[in-house]
Amino acid sequence: MIVVVLALLASIGFGASAVFIKLALKSMKSTTGTFLSLVAGSLILITISIIFYSDELVISNKIVFGWLVLSALLNFLGGRYLNYTSVNLLGVARATTIIGTAPLFATILAITIGSEIITWPMLLGTLMIIFGLLLVISKK
Amino acid sequence: MKLLDRNIILGYIAAFGSAISYGIVTLVAQKIVSDYFPPVVASAFSIIIGMVILGVLFFKDIFKDIQVITLRAFLWAIVAGISGAWGVTFWFIALNNGPIVIVAPISATFPLVSLSLTYVFLKKVERLTFRVVVGSLFVVLGVVIIASINN
């Protein structure tokens, strides 16, 4: 039961972020909104890391640093900046629904470059996502 | 379907670009977390690097904006950042306390949280249509099915 509550709290955090940034973007660009959100988020994550993982706060070599840069580029320039830009241009409801399809792209990638196999439930999930997206994107 | 204007098309490109980035970063994060760092530490390093890159790339925009933005907008951006960090932190705590087969599908319901909060906070700014609500439900259900199977 505790896991369900914790996962719901995570979901609330992810979902609320888009709504709050929409309120902020009324008077700033999405670059500034993304930057300020990263400043706030980094303060929290650094504090937690220092308290619980102080021994592990070392980047040991260039390869590790390279992975972290790739992760940062995908997560915050590709992910969050484009996320906030789309929230600004499309509105929260449309943007978050489209962004919520990220696991589908992870699956497509895992099938393409990994050893993942397409199953019937996977196909059903994909069809539901496509149908949902068509409803969200289309206008009367 | 009506002709979409330029901003809307850019918005869709940005939204799908974001979804693809988040999809790919899942695989990159798996590599980092399994080989190098605990998840929260990886996120902390990653967010600092992201902040520096974004700050350098868009320094002029950010510097100009910071001088003219209202205190209210500034605070909303900070709250958005705190919400995002809240999400990431609880996601990792949930993963520490239970299987990903439960955590992934539940956390995938975040668009429904956004819809509910949009109704509460953005009533005057954004109108929720029946199509968008039903479409979001289908997307979330589909993602929940895929997230359950993947894990």
Top contributor to chain A contacts, counting heavy-atom pairs under 4.5 Å, from B:A29, B:G84, B:S116: B:G84
Heavy-atom proximity to chain B below 4.5 Å, by part of A:I59: both
Check each atom of B:L54 against the heavy atoms of chain A and say whether the ones under 4.5 Å are side chain, backbone, both or neither. both
Are A:L104 and B:V143 close enough that some pair of their side-chain heavy atoms sits under 4.5 Å apart? no
Under 4.5 Å to a heavy atom of chain B? For A:L68 that would be both
Could you tell me which portion of A:V58 (side chain, backbone, both or neither) has an atom closer than 4.5 angstrom to a non-hydrogen atom of chain B? backbone
Over-ring placement of B:K123 relative to B:F121, 6.0 Å and 45° cut-offs: no
Heavy-atom proximity to chain A below 4.5 Å, by part of B:I24: both
Cut-off 4.5 Å, heavy atoms of chain B, and the answer for A:K29 is both
In terms of heavy-atom proximity below 4.5 Å to chain A, should B:L112 be classed as side chain, backbone, both, or neither? neither
Which bit of B:L10 is near chain A, if near means a heavy-atom gap under 4.5 Å: side chain, backbone, both or neither? both
Proximal component of A:Y81, with respect to chain B [non-hydrogen, under 4.5 Å]: side chain
Atom pairs and distances, donor-acceptor, side-chain atoms in residues 34-48 of chain B, under 3.5 Å, two or more places apart:
| unit_1 | atom_1 | unit_2 | atom_2 | d |
| --- | --- | --- | --- | --- |
| B:S34 | OG | B:Q30 | O | 2.8 |
| B:S34 | OG | B:K31 | O | 3.2 |
| B:D35 | OD2 | B:K31 | NZ | 2.6 |
| B:S43 | OG | B:P39 | O | 3.1 |
| B:S46 | OG | A:S71 | OG | 3.0 |

Is the shortest heavy-atom distance from the side chain of A:N75 to the side chain of B:Y22 under 4.5 Å? yes
Among the clusters formed by ILVMFWY side chains lying less than 4.5 Å apart, do A:F14 and B:L115 turn up in the same one? no
If one checks every heavy atom of B:F16 against chain A at 4.5 Å, the contacting part turns out to be both
Contact class of B:I69 relative to chain A, heavy atoms under 4.5 angstrom: both
Side chain from CB out, backbone as N, CA, C, O: work out which of these in A:A18 comes under 4.5 Å of a heavy atom of chain B, or both, or neither. side chain
With heavy-atom distances below 4.5 Å as the criterion, would you say the side chains of A:R94 and B:Y12 are in contact? yes
Please classify the contact of A:I44 with chain B as side chain, backbone, both or neither, using a heavy-atom distance under 4.5 Å. side chain
Which atoms of A:I63 come close to chain B, meaning under 4.5 Å heavy atom to heavy atom: side chain ones, backbone ones, both, or neither? side chain
Take the angle between the ring planes of B:W86 and B:F90 and call it parallel below 30°, perpendicular above 60°, tilted in between. tilted
At a heavy-atom separation under 4.5 Å, does A:T126 approach chain B through its side chain, its backbone, both, or neither? both
Could you check if a side-chain atom of A:I99 sits within less than 4.5 angstrom of a side-chain atom of A:S86, using non-hydrogen atoms only? yes
Tell me, for B:V88 versus chain A, whether the close heavy atoms (under 4.5 Å) come from the side chain, the backbone, both or neither. both
Under 4.5 Å from any heavy atom of chain B - which part of A:V39: both
What part of B:F74 is in contact with chain A, defined as an atom under 4.5 angstrom from a non-hydrogen atom: side chain, backbone, both or neither? both
So, A:T32 versus A:Y84: side-chain donor-acceptor pair below 3.5 Å or not? no
Output, in order, the C-alpha distance, side-chain angles, deciding distance and verdict of side chain to side chain contact (heavy atoms under 4.5 Å, CB included) for A:L90 and B:I8. CA-CA 6 Å; A:L90 293 178; B:I8 299 289; 4.0 Å; yes
Can you confirm whether B:L57 is buried at CG, in the sense that more than 12 heavy atoms of other residues, nucleotides or ligands lie under 6.0 Å from that atom? yes
